[in-house]
Every structure is written in structure tokens, then in C-alpha cells.
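Per chain, numbering begins at 1; letters A, B, ... match sequence-line order.
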Amino acid sequence: MADVVITLKDGQERRAPRGTRGLDFIREELGGGLHKSAAALLVNGTVKDLTYPLTEDAQVEVLTCDDPRGLEAFRHTSSHILAQAVQRLYKGTKLGIGPAIKDGYYYDFDPEVNFTPEDLEKIEAEMENIVREDLPVERQEMSRQEASDFFKSRGELYKVELIEDLPEDTPISCYRQGEFIDLCAGPHLPSTGRVKALSLLNLAGAYWRGSEKRPMLQRIYGTSFPKKALLQDYLNRLEEAKKRDHRRLGQELGLFTLHDAGPGFPLFHPKGMVIRNELEKFWREEHEKAGYQEIKTPLILNRSLWEQSGHWDHFRENMYFTKIDDADYAVKPMNCPGGMLVYKSTMHSYRDFPLKLAEMGTVHRHELSGTLHGLMRVRSFTQDDAHIFMLPSQIEAEVEAVIDLVDRFYRVFGFKYHVELSTKPEKAMGSNEMWERATAALEKVLVKKEMAYIINEGDGAFYGPKIDFHLEDSLQRTWQCGTIQLDFQMPEKFDLTYVGEDGEKHRPVMIHRVIYGAIERFFALLIEHYGGAFPLWLAPVQVVVLPITDRHHGYAREVARLFKDKRVRVEVDSRSEKMGYKIREAQVNKVPYMLIVGDREMAEDAVSLRKRAEGDLGSFKTREILERVLQEIEEKK
RNA sequence: GCCGACGUAGCUCAACUGGCAGAGCAGCUGAUUUGUAAUCAGCAGGUUGCGGGUUCGAGUCCCACCGUCGGCUCCA
């Protein structure tokens with residue numbers, strides 16, 4: 001039998017006996033330690049097991065854990081080890097699914113008794129045993145019937161359901177390691193001994209197939225790495241991330257608090273308000289430049305308005321209600337109906353378009369108690385909303401302009417973001433044609449701007465599809481912030497009109513959009529992004545003057561006055577404490593500029609500069625530092 | 001809303017199997033006059049989330065509720 005010709009990534013060709021397993025090929029032909037660090041193969045562009053037999057000439061690339069696809073196989077095998085350990089320790093536990101995810105893996109179980117955190121330790125110990133046993137992992141294909149019968153005989157009813165839902169033509173494969181066998185498409189590592197470092201992280205409930213109507217399973221999250229040191233790095237990073245948690249920093253820096261008196265209703269303290277106000281100030285400046293006009297609409301409006309807008313039918317379970325003089329009112333969950341009323345109050349001409357009405361609107365939404373999360377997910381929040389009324393022909397240009405505005409804002413803060421296109425949800429208003437037209441319009445702009453985006457099926461607003469902008473928190477969970485929603489519904493519902501060139505009345509098109517999203521959420525993300533060390537323009541206290549002894553207090557106040565006159569947020573720490581103490585406190589409070597003043601500085605009209613991040617920088621003329629501070633504030637660096 | 005864990009002073013945390021609620025930081029008072037990340041002393045601070053129950057006795061055990069945390073579902 002002739003050898004097969006294997007073409008490597010760099011174009012080199014190697015020969016191997018037909019049917020050689022990938023792993024053996026790597027060991028024989030490529031040498032080095034590669035067969036040890038390899039996790040999977042890429043054969044003609046498809047990811048395969050390392051045990052995959054090379055029966056044809058092929059392009060082959062070796063994937064290690066440095067490649068996401070290699071790491072995925074590694075983590076996926078880790079999840080099988082988890083499931084094997086659980087089934088050894090807790091007989092009768094049924095298996096759900098167990099995929100690799102970002103930073104690790106999970107497995108869903110239906111145990112006879114729910115797991116406790118102590119169980120995780122036992123399970124982890126058993127996983128270590130399985131790794132030590134170094135069980136070979138073998139792939140085997142089955143017919144649909146075989147697979148179904150097999151899992152039925154084991155009582156694995158969730159697996160049977162999965163098999164039944166697989167498309168007809170999909171080959172069904174299982175992976176076996178020791179006594180454990182799981183329905184799985186693979187690929188997997190060739191043996192369990194390759195998982196050198198693993199750890200279980202936490203325990204949570206998760207509905208079977210993500211549906212609240214299905215049983216709740218027990219999900220165990222874990223992670224694993226090819227080296228112990230990498231696992232330790234990861235655990236250290238988690239610890240570091242906890243220090244950036246906005247809930248912790250918000251408390252430590254005196255920015256906001258949350259109370260039992262109002263779950264999901266945050267209270268902003270003076271220092272938190274300074275930041276909020278700076279964010280709003282920046283927002284107003286930019287929106288004025290971009291041609292927006294600002295409005296303000298009421299917190300509470302009559303029921304009939306919400307019926308007209310469709311919220312009564314589509315959003316009621318998220319709304320709060322009240323009565324005024326025996327009539328039904330609702331607290332607004334969105335700003336759009338109020339915006340509609342403003343629009344309808346006067347006549348509009350096509351010449352006025354695009355008409356951009358912006359509103360810092362505080363909305364209330366009843367969110368499920370289990371979903372509340374610091375400032376990220378609250379029940380009362382302020383949206384930096386705007387409604388853009390326009391001609392159908394203006395849609396693309398306006399969507400593009402908003403995308404540019406979002407980018408302009410996020411850049412100032414140094415945020416990375418990703419974009420999603422959300423399509424028609426189940427509870428939607430309007431015809432399919434309308435939805436398709438609107439979705440296509442949004443997609444067209446994204447394509448034109450060459451933006452990477454993912455499709456978020458069924459996640460649109462009830463009145464239209466949307467482009468969402470997501471930011472990452474300190475644990476790399478993503479949160480939707482900016483959004484651009486195209487709406488053909490509200491103009492219809494509210495009978496909005498404009499007078500066209502032809503003198504006739506026409507229906508305008510509308511965009512709902514936010515840039516920050518919710519100020520609360522954006523603020524939370526900013527706290528985590530900066531780890532509480534805000535850039536100068538946002539810092540609640542920008543400059544603190546630290547007099548060395550009582551006889552320097554007068555001079556310290558003079559220095560502070562110079563800054564205050566230029567609207568710099570400055571404080572003087574005149575307590576009778578040592579310099580080390582005052583500096584430590586300013587440092588802990590993350591004040592960007594510390595100005596130390598003693599005899600030398602007094603004599604020279606100077607200050608000794610210490611910056612939060614750089615430490616002692618020596619003596620400078622006071623005026624020079626003032627200029628520097630003003631410039632840095634201006635540049636928003 | 002669902003699953004699990006947790007809830008002690010303003011904050012961070014102690015209190016062995018049920019046996020007198022305690023410390024550090026912050027706060028207040030006083031002393032100290034200080035040169036680049038914590039000066040010393042004293043004082044005050046609590047219906048142990050809320051409500052029931054078991055017990056001679058509950059922070060500790062049981063039940064229900066509220067809240068928080070991690071997820072699921074949902075969403076800015």
C-alpha cells in the first residue's frame with residue numbers, strides 16, 4: 001500500500017504509511033516535544049482527534065493549546081473527566097451537556113441529590129485520579145438506533161433527547177475513556193493524563209436546554225490548563241479581577257451604595273455624582289456638536305399611552321404601575337412614548353430631518369430578583385436616549401453616524417467592544433416584511449463599515465431589530481451598552497407625520513439609540529475598566545494639597561485656591577498627620593495629583609508633585625502644575 | 001422567577017461540638033508638628049437581616065420571608 005503524502009503548514013511534504021494515526025505521525029516525523037503538547041489536528045481545515053488515521057493525502061496542521069481549537073479539545077476532555085468523576089462518586093447521576101467554554105468548561109448533571117460545595121472537593125480529587133490513570137480516549141461511531149438504545153439502557157434520557165434532535169445525516173459518535181462513555185462530536189485529547197492542571201470553580205443551577213420550562217440541572221464549572229503554572233496564573237487573575245469589582249470599589253471609594261430598602265435602586269453619593277455629571281457633561285457637548293436637541297419627558301404617564309405604544313401588550317411584566325385620581329398610570333420603562341408626544345406636538349417638514357431628540361431619561365423596569373447585579377443590572381436606570389426621526393432614504397447615513405458616535409465615545413475611555421445584530425423576537429409587533437427590511441438595512445451598514453458582528457437571533461426589541469454594542473467587565477463577562485434600534489412601528493402607532501416636498505403628509509422612520517446605554521451600567525464598567533483609578537477629568541478629587549505642618553496650611557490654601565478658581569476639584573488635607581499617612585490615604589483614594597507643600601515650596605512659590613501612578617516627581621512652580629492639570633483635563637487622558 | 005451558598009458594629013472579619021457578642025480599619029476626644037503608602041492613647045459603636053419555632057439557654061439548630069453572591073432564564 002502506498003504511503004500518504006502529508007503537507008504541513010509551512011508547505012513541507014512528508015510521507016507516512018497509510019492509516020498512520022496523527023499522533024504517531026507527529027512523534028515519528030515532526031519530533032521535538034510536539035507530540036506531547038499537541039491537543040488536536042487540523043486535517044484539510046477540519047479539526048480532528050490526534051488519533052485520527054491519515055488514510056489520504058492531506059494538509060495537516062498540529063494544534064496545541066496555544067490555538068483556540070486545540071484548547072477547546074483540551075477543555076472538552078476536561079469536562080468528560082469531570083463527568084466521569086461525578087458518575088463514579090454519585091451513581092445514578094444523569095448527564096446533560098458538557099462543553100468547553102471561554103476560560104474553561106462545564107458539565108450539567110441531574111443528580112439524585114443536589115451537590116454541595118464540599119462535593120466539589122471530592123469530585124476534583126477523583127478527577128485527579130482519572131488524570132493519573134491516564135485512560136486512553138477512544139472515538140467510536142454508532143448508528144442512530146444503536147446510540148439511542150445504548151443511552152436508553154443506561155438511563156441517560158437527556159442524551160437520548162439529544163440524539164433524537166440531531167439532524168438525520170449527522171454521524172453519531174461517542175467517546176470512551178475507561179468505564180465512561182459519552183455522546184460527543186469531539187475532538188478529544190488521546191488520553192486523560194494530558195490534563196496536567198485542573199480546578200473546579202463553582203456550582204450553579206441551569207435549566208435543561210436553557211428553558212425555564214425544563215428541569216433545572218446542577219452545573220459544575222471548572223477550568224484546566226496544560227501546565228500547573230498557567231492554572232495558577234488564571235486563579236491569580238481571578239483574584240485580581242475581584243479587586244476591580246465595581247461593587248467593592250464603589251463602596252471603598254464612596255461612589256454609590258445599594259440597600260435592602262430598594263433592591264436594584266442604587267443611591268449615588270457625592271463622589272459618584274461627580275463622575276456621573278462629568279459623563280453627562282461630555283455627552284451633552286458631543287450631542288450638541290452632532291446636531292441633537294435635548295428634551296425631558298415625565299416619569300409617569302397615562303395607561304392609554306402605553307396601550308398605544310404597545311408596551312402594555314409587550315412589556316407589561318417589566319413595568320411598574322400606579323393610580324392617580326383613580327386612573328391607571330405607568331412608570332416609564334422606556335423613553336420613546338414621551339418622545340413621540342414631543343414630536344406630535346408640532347408640525348414637521350422633511351426639511352427638518354433628520355430630527356434628533358435626545359433625552360437623559362430615567363426608566364424603571366421590573367427585573368427578576370435573581371438577575372440584579374450591582375450597578376450593571378438594576379431596576380432604575382438612566383438611558384442616554386435619543387430618537388431620530390427621518391426619511392426612509394436617510395436610514396443608512398443616520399445609522400452610520402450613530403455607529404461613529406458610539407465609537408468616538410468608547411475610544412475616549414479606551415474600551416474594546418464587540419457588535420451584535422439582534423433579530424426579530426417571538427413577542428414582536430409588525431409584519432415579517434417590515435422586520436426583514438429593517439434588519440437588512442442595519443446589516444447593510446455593518447457590512448459597508450466592515451465591522452465584525454455576530455447575529456443574536458431573536459433578541460431584538462419588540463418594535464424592531466437592533467445593533468448592540470457590548471463591553472467587558474473585569475471578569476470578561478460582556479454587557480450590552482450602546483444600541484441602535486430601527487423602528488417602523490412607533491411612527492405607525494402614534495400616527496407620526498411630516499410634510500414632504502409634495503406638500504402631502506408622510507410617515508417618518510425612526511431610530512432609538514443610546515451610546516452609554518444606561519449611565520449606571522456604563523459607570524460600573526468604567527469603574528472596573530480603570531480599577532477605580534479614574535483619569536483626571538473624571539476623578540472625583542483631582543488634586544489634593546498636603547501641607548507638611550500647621551505653618552504650611554495658609555500656603556496650602558493659597559495653592560488650592562488657584563486650582564479651585566479654574567474649577568479643578570481640589571482638597572487640602574490639613575489634619576495633623578504625618579506625610580506618609582496623608583499620602584497613603586490619597587493613594588488609596590486614587591487621587592491623581594498630590595501636591596506636597598512645606599518650607600522649601602513656600603519659599604519658591606512651588607509644589608512638590610507626586611502622581612498616583614508615578615510617585616514622587618520633585619518640585620515644580622505651582623503655575624506650571626496648574627497648566628499641566630488643566631491641559632490633562634481638557635485632553636481627557 | 002429557578003438552583004446553590006451566604007447574611008455578626010459604617011467597612012473587613014472573629015466567636016470550639018448551643019453557654020457572658022469580639023478585633024482591626026473608619027468615627028469622636030486628646031496628645032504629637034510630622035518631607036513621599038498607616039504616630040500614640042482614650043472613648044463610643046450591636047434587638048447578630050426580619051419573623052416564628054426547638055431549648056434551662058440560640059449568632060450557632062429548624063421553618064418561613066427579605067436581601068446579597070455565583071449561575072440559569074431575561075435584559076440597558
Side-chain angles (χ1 to χ4, degrees), chain A residues 106 108 114-120 201-221 245 247-248 251-252 254 257-264 315 317-318 333-334 361 363 365-379 381-385 422 425 459 461 466 468-471 475 477 479-483 485 512 514-522 524-525 546-553 575-588 594-601 608-612 615-619:
Chain A
Y106 68 77
D108 285 347
N114 280 352
F115 299 129
T116 66
E118 293 79 64
D119 291 328
L120 289 196
L201 300 173
N202 44 43
L203 183 61
Y207 296 111
W208 169 238
R209 307 195 104 179
S211 165
E212 66 213 308
K213 296 183 179 65
R214 309 298 303 270
M216 178 155 282
L217 307 182
Q218 296 276 301
R219 176 172 297 177
I220 297 176
Y221 285 91
D245 189 313
R247 293 165 299 192
R248 173 183 173 141
Q251 169 71 39
E252 285 173 3
T257 50
L258 289 153
H259 302 262
D260 288 1
F315 211 70
E317 66 275 23
N318 284 304
M334 292 189 195
V363 298
R365 293 185 191 172
H366 183 71
E367 302 293 351
L368 295 178
S369 59
T371 65
L372 300 179
H373 182 97
L375 288 188
M376 299 279 189
R377 190 73 192 278
V378 291
R379 286 175 171 159
F381 53 99
T382 301
Q383 293 182 307
D384 62 319
D385 220 338
S422 294
D459 207 41
K466 52 184 189 157
D468 297 325
F469 297 82
H470 293 247
L471 299 177
L475 288 170
R477 295 175 291 207
W479 299 86
Q480 185 191 314
C481 290
T483 177
Q485 312 179 345
H512 310 240
V514 290
I515 307 291
Y516 291 137
I519 304 290
E520 288 76 4
R521 177 177 290 181
F522 196 82
L525 287 160
L546 308 177
I548 288 168
T549 74
D550 289 359
R551 67 177 178 280
H552 308 119
H553 286 183
R575 294 174 302 175
S576 64
E577 296 289 352
K578 290 188 180 175
M579 199 39 53
Y581 182 91
K582 295 185 186 183
I583 285 173
R584 179 169 198 282
E585 187 151 298
Q587 202 75 45
V588 165
M594 287 164 247
L595 307 182
I596 292 136
V597 296
D599 291 336
R600 295 199 294 269
E601 289 77 11
S608 178
L609 173 63
R610 182 187 170 97
K611 287 188 75 175
R612 177 176 65 193
D616 187 1
L617 296 174
S619 187

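- Comparing B:C61 with B:A5, their P atoms are spaced 13 Å from each other, to the whole Å.
- For the P atoms, the distance from B:G4 to B:G42 is 49 Å, rounded to whole Å.
- The distance from the CG atom of A:N318 to the CD atom of A:E367 is 5.5 Å, given to the nearest 0.5 Å.
- For the C1' atoms, the distance linking B:G67 with B:G49 amounts to 7 Å, nearest Å.
- Spacing between B:G45 and B:C28 at atom P, rounded to whole Å, works out to 16 Å.
- Look at the P atom in both B:C62 and B:U68: the space between them is 23 Å, to the nearest Å.
- Considering only residues two or more places apart in sequence or on other chains, A:Y221 meets the ring pair (Phe, Tyr, Trp, His ring centres under 6.0 Å) condition with A:Y106.
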Inset, instruction - Would you give a per-nucleotide map of nucleotides 70-76 of chain B, 5' to 3', where B means the base has a protein non-hydrogen atom under 4.0 Å away, S means only the sugar-phosphate does, and - means neither? - result: BBBBBBB
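- A search for side-chain contact (heavy atoms from CB on, under 4.5 Å) contacts involving A:S619 returns A:E604, A:A606, not counting sequence neighbours.
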Inset, instruction - Between protein and nucleotides 29-46 of chain B, map the contacts as a letter string: B base, S sugar-phosphate only, - none, heavy atoms under 4.0 Å, written 5' to 3'. - result: ---BBBBBBBB-------
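- A:D384 meets the salt bridge (charged side-chain N to carboxylate O under 4.0 Å, His left out) test with no other residue; sequence neighbours excluded.
- Spacing of P atoms, B:A41 relative to B:G57, comes out at 43 Å, to the nearest Å.
- Residues that satisfy the side-chain contact (heavy atoms from CB on, under 4.5 Å) test with A:Q480, not counting sequence neighbours, are A:K466, A:D468, A:H470, A:T483, A:R521.
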Legend entry - Dot-bracket pairing map - RNA chain B, Watson-Crick plus G-U, both contacts under 3.5 Å, | cross-strand: (((((((..((((.....[..)))).(((((.......))))).....(.(((..]....))).))))))))....
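- One P atom belongs to B:G46, the other to B:G22, and the distance between them is 13 Å to the nearest Å.
- Residues passing the ring pair (Phe, Tyr, Trp, His ring centres under 6.0 Å) test with A:H373 are A:W479, sequence neighbours excluded.
- Residues that satisfy the side-chain hydrogen bond (donor to acceptor under 3.5 Å, both in side chains) test with A:S608, not counting sequence neighbours, are absent from this structure.
- Considering only residues two or more places apart in sequence or on other chains, A:H366 meets the ring pair (Phe, Tyr, Trp, His ring centres under 6.0 Å) condition with A:Y320.
- For A:F469, the ring pair (Phe, Tyr, Trp, His ring centres under 6.0 Å) criterion is met by A:Y417, not counting sequence neighbours.
- Annotation: side-chain contact (heavy atoms from CB on, under 4.5 Å) contacts of A:R214 (sequence neighbours excluded): A:E161, A:W208, A:R209, A:S211.
- Here A:G254 lies out of heavy-atom contact (under 4.0 Å) with every strand.
- Taking atom CD on A:Q251 and atom C1' on B:U68, their separation rounds to 13 Å, with Å as the unit.
- Spacing of C1' atoms, B:G7 relative to B:A76, comes out at 29 Å, to the nearest Å.
- Side-chain atoms of A:L595 and A:L609, non-hydrogen and from C-beta on, do get closer than 4.5 Å to each other.
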